[in-house]
Amino acid sequence: MTPSLQDAKICFIGGGNMAAAIIGGLLSKDISKQNIFVSEPWDVNREKMAAIGVRTTISNEEASGDADLVILAVKPQVTKVVCEELGAAWAKRESLPLVISISAGITLASLAAWFTQNGRAPHIVRVMPNTPALVGEGASGVYAGEGVTEAERSLTSALLGSVSKATEWVDKEELLDVVTGLSGSGPAYFFAFVEHLIASATSLGLSEEQATRLAKQTCYGAGKMLVESSDEPAQLRKNVTSPNGTTYAALVSFENAGLKDIVDGAVKAATVRAEELGKN
């Protein structure tokens, strides 16, 4: 029987930034620190986790031994070794935990094959989170592997809900690559845009400090309007744009520079690269 998030024994394999973000979200939901066990080989990360009050170890087998939920939060290049180790360690377990993988690009087929050390593999869910999860404002794409139950989907959604404001289940695994191109890599697009806004305003006379404060708040405010308004993005854009006004002039400049094609090309490039990484 799949437990609720409040009752689940949760294991993190890897204690880096994304694991820390999720753990912080769980603790904000009053999940017991004693129900969270982190396996992390690096002393610095493990000590940070211990300082939070969750249990820590350097042993993947120890951390996952009686876990209901295991979150794979390791680098893609070590995922195979970790999965094979866990699969062997779980040989004598009567029931296997639900595994949530946030290892970028690693397919369900690969994960299942690596876990199958004793003729069986756990139910697996793949997640593509993004870095705003570090401040509790994440967006995640999710795909469920074969056999994942509705209760396990609910457990996954509850876990991600601690750090993600948007959790979208996709019905094809390859769509996680599109999620990567949209929300996974998306924060960097906005950071780059803000960099250019600041540089442009600075070149026109504002101090860098003033330009930075105005650009940050403009993007924050616009983002909040996007989330909280019932209007579509296109309508919000129209609301700001007076005929032949300043915003209109800027948008015409964007159009003439091929903004639509630039954005389309960026999202497609990131999506294709995600596909390539998944094949390596």
Side-chain angles (χ1 to χ4, degrees), residues 1-127 129 133-134 145 148 152 155-156 158-160 162-163:
M1 181 178 177
T2 303
S4 68
L5 186 62
Q6 291 290 334
D7 297 326
K9 295 179 180 178
I10 305 170
C11 163
F12 287 82
I13 306 297
N17 286 338
M18 194 57 68
I22 297 172
I23 290 170
L26 291 173
L27 296 182
S28 73
K29 302 287 187 183
D30 296 324
I31 302 300
S32 171
K33 293 178 181 180
Q34 287 304 302
N35 281 355
I36 301 174
F37 210 160
V38 182
S39 176
E40 169 55 55
W42 295 101
D43 292 345
V44 172
N45 285 345
R46 192 172 61 256
E47 288 166 4
K48 287 180 180 178
M49 292 295 176
I52 295 173
V54 300
R55 296 186 294 161
T56 62
T57 180
I58 59 172
S59 168
N60 293 337
E61 181 175 356
E62 179 186 6
S64 66
D66 63 349
D68 301 300
L69 179 60
V70 173
I71 296 92
L72 278 179
V74 297
K75 299 293 185 184
Q77 58 267 31
V78 301
T79 302
K80 180 179 180 181
V81 172
V82 169
C83 290
E84 290 176 343
E85 177 192 355
L86 291 173
W90 297 343
K92 296 181 180 180
R93 283 193 56 156
E94 182 176 338
S95 60
L96 297 178
L98 172 66
V99 173
I100 295 178
S101 172
I102 59 175
S103 293
I106 307 298
T107 64
L108 284 174
S110 293
L111 292 167
W114 299 336
F115 271 116
T116 306
Q117 300 298 304
N118 56 357
R120 58 181 184 156
H123 292 172
I124 306 170
V125 174
R126 275 189 65 194
V127 178
L134 297 172
V148 173
E152 289 171 332
L155 180 59
T156 301
L159 176 86
L160 295 175
S162 66
V163 291

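Just so it is clear, the values below take in all heavy atoms, side chains as well, and ignore hydrogens, waters and symmetry mates. Counting begins at 1 with the first residue of the sequence. Since the structure is predicted, the reported quantities are computational estimates derived from the model, not experimental observations.
- In terms of heavy atoms, Ala67 sits closest to Cys11 at CB-CB, 3.7 Å.
- Residues Arg46 and Asp43 approach most closely at NH2-OD1, 2.6 Å, considering heavy atoms.
- In this structure, CG on Leu96 lies 4.0 Å from CZ on Arg120, to the nearest 0.5 angstrom.
- Between Leu72 and Cys83 there is a side-chain heavy-atom pair separated by less than 4.5 Å.
- Within the model, atoms CG of Leu134 and CG of Asn17 stand 5.5 Å from one another, a figure rounded to the nearest 0.5 Å.
- At a threshold of 4.5 Å between non-hydrogen side-chain atoms, the residues Thr57 and Ser39 count as touching.
- Ala133 and Met18 get closest at one heavy-atom pair: CB-SD, 3.9 Å.
- Among Leu27, Ile36, Val38, the one residue that satisfies the side-chain contact (heavy atoms from CB on, under 4.5 Å) test with Ile52 is Leu27.
- The minimum heavy-atom distance between Gln117 and Glu84, with the atom names listed, is CG-O, 3.5 Å.
- Between Ile31 and Gln6, some side-chain heavy-atom pair lies under the 4.5 Å cut-off.
- We find the CG-CG distance between Asn60 and Leu86 to be 5.5 Å, quoted to the nearest 0.5 Å.
- Looking only at distances, no side-chain donor or acceptor of Glu61 sits under 3.5 Å from a matching main-chain atom of Ala88.
- Between Asn35 and Ile10, the closest side-chain pair of non-hydrogen atoms is not below 4.5 Å.
- Between Leu108 and Arg126 the shortest side-chain heavy-atom distance falls below 4.5 Å.
- Nearest heavy atom pair, residue Thr116 against residue Ala121, reads OG1-CB, 3.4 Å.
- Side-chain contact check for Leu5 versus Leu155: some heavy-atom pair is nearer than 4.5 Å.
- Here the closest non-hydrogen pair linking Gly14 and Ala19 is O-CB, 3.3 Å.
- Between Trp90 and Ser64, the side chains place a donor N or O and an acceptor N or O closer than 3.5 Å (distance only, hydrogens not considered).
- The one candidate from Arg93, Lys92, Lys9 that meets the salt bridge (Lys or Arg N to Asp or Glu O under 4.0 Å) condition with Asp66 is Lys9.
- Between Thr56 atom OG1 and Asn45 atom CG the span is 11.5 Å, to the nearest 0.5 Å.
- Applying the salt bridge (Lys or Arg N to Asp or Glu O under 4.0 Å) rule to Asp30 yields no partners; only residues at least two apart in sequence or on another chain are considered.
- Contact check for Ile22 versus Phe12: side-chain heavy atoms found under the 4.5 Å cut-off.
- Summarising the geometry, atom OG1 belonging to Thr2 is positioned 8.5 Å from atom CG belonging to Asp68; distances are rounded to the nearest 0.5 Å.
- For Ser4, the side chain to side chain donor-acceptor pair (under 3.5 Å) criterion is met by Asp7, not counting sequence neighbours.
- Taking CD1 of Ile13 as the reference point, atom CD of Glu40 lies at 10.0 Å (rounded to 0.5 Å).
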